[in-house]
Amino acid sequence: MQVTETKSALMKLLAPLRLEGKRISFVPTMGALHRGHISLVDRARKECDIVVCSIFVNPTQFNNPGDLKNYPRTVKQDSAMLEKALVDIVFLPSVEEMYAPGEIEETFDFGMLDKVMEGAQRPGHFKGVAIIVSKLFEIVRPHKAYFGEKDFQQLTIIRELVNQRKSLTYGIEIIGCETVREQSGLAMSSRNMRLTEDERKEAANIYKALSMIKSEWKKSNTNNAEIINKAIKVIEQNGMMKVEYLEIADEKTLMPVNSENQGKLLRCFAAIQLGNVRLIDNMKLEI
Ligand code: PAF
């Protein structure tokens, strides 16, 4: 596994591989890796010749300085995991390497996609994600890039970004991969590292609530206010978790839906505060 810290070194490594016709895959991360990330790497390795993985805690996507400060940084452990997962190249840039002083900030227009749910709760978050992902795409120029469905809204926005900037993003194929869960159903997340043992147990109720919505929805297909209220009670039953939002939305537009949803692909999205940690999750609904 080769480790690079500069854009130029990474581009130098990739150029001859691209010329040889190798298929290049890319798994961008912020480190604190877990089985969810490794599942992306595994899929990338199966589908392409070269796997590039980046670890960069991107300051521009944190709207809360405390969250940025507390974000787990475990580079040594992460590198060992990536080596074991047979990653070919790891990119570990510094903040200065990715953000030159005085650089002009890019602007994006994602319509409503970045205004709802996470976008409403974390102003500027998706702008920061779009900035760093476009920079990384331009450096790596992968054939395929892999993202987890746990951050489904992020995945939707990145698909839109690539769609809008076909010439700049070289027709990268965006692959969404299913959320990997712990045995309790809790979605794997780097933020889970910050949960106490009791909180981790409690967090399993998020999965229970989403699963309940899924099965109730399958039965009725309408009247979701009632279903949602029941699910909020499941999550908040022990007074440890507080629901920030819990809503059923159209998978493509991310706009909330409440009845008569024939033919739409729907998902239930949740954000929950548990102690000092904010968790998100989502589940596909069957019609
Ligand atoms: O999902 C993440 O870990 C980050 O948002 C990403 C896509 C690596 C951009 O910093």
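Keep in mind that the numbers below use all heavy atoms, side chains included, and drop hydrogens, waters and symmetry copies. Remember, it's a predicted structure, so these values are computed and weren't measured experimentally. Note that ligands are numbered from 1 as they come in the structure, with each ligand's atoms numbered from 1 the same way. For the single chain, residues carry numbers from 1 onward in sequence order.
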*Looking at F152, is R267 sitting on its ring face, NZ or CZ under 6.0 Å from the six-membered ring centre and within 45 degrees of the normal?*
yes

*Could you go step by step and tell me if Y99 and N58 meet the side-chain hydrogen bond (donor to acceptor under 3.5 Å, both in side chains) rule?*
CA-CA 10 Å; Y99 291 101; N58 173 35; 2.6 Å; yes

*Please assess F110 against F126 for the test ring pair (Phe, Tyr, Trp, His ring centres under 6.0 Å), listing each intermediate value before the final yes or no.*
CA-CA 9 Å; F110 298 120; F126 287 119; 8.3 Å; no

*Within a distance under 4.0 Å of any heavy atom of I132, pick out the atoms of ligand 1 and give their elements.*
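Answer, ordered by atom number: 9 (C), 10 (O).
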
*Taking both backbone and side-chain atoms of Q61, is any N or O found less than 3.5 Å from an N or O belonging to ligand 1?*
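There is such a contact, yes.
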
*Report the relative orientation of the aromatic rings in H34 and H37; use parallel for angles under 30°, tilted for 30 to 60°, perpendicular for over 60°.*
tilted

*Using a heavy-atom cut-off of under 4.0 Å, does the side chain or the backbone of I158 touch ligand 1, or both, or neither?*
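Contact part for I158 vs ligand 1: neither.
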
*asked:* What protein heavy atom lies closest to atom 5 (O) of ligand 1? Include the residue and the distance to one decimal.
replied: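 Going atom by atom, the protein heavy atom closest to atom 5 (O) of ligand 1 ends up being Q154 OE1, 2.7 Å.
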
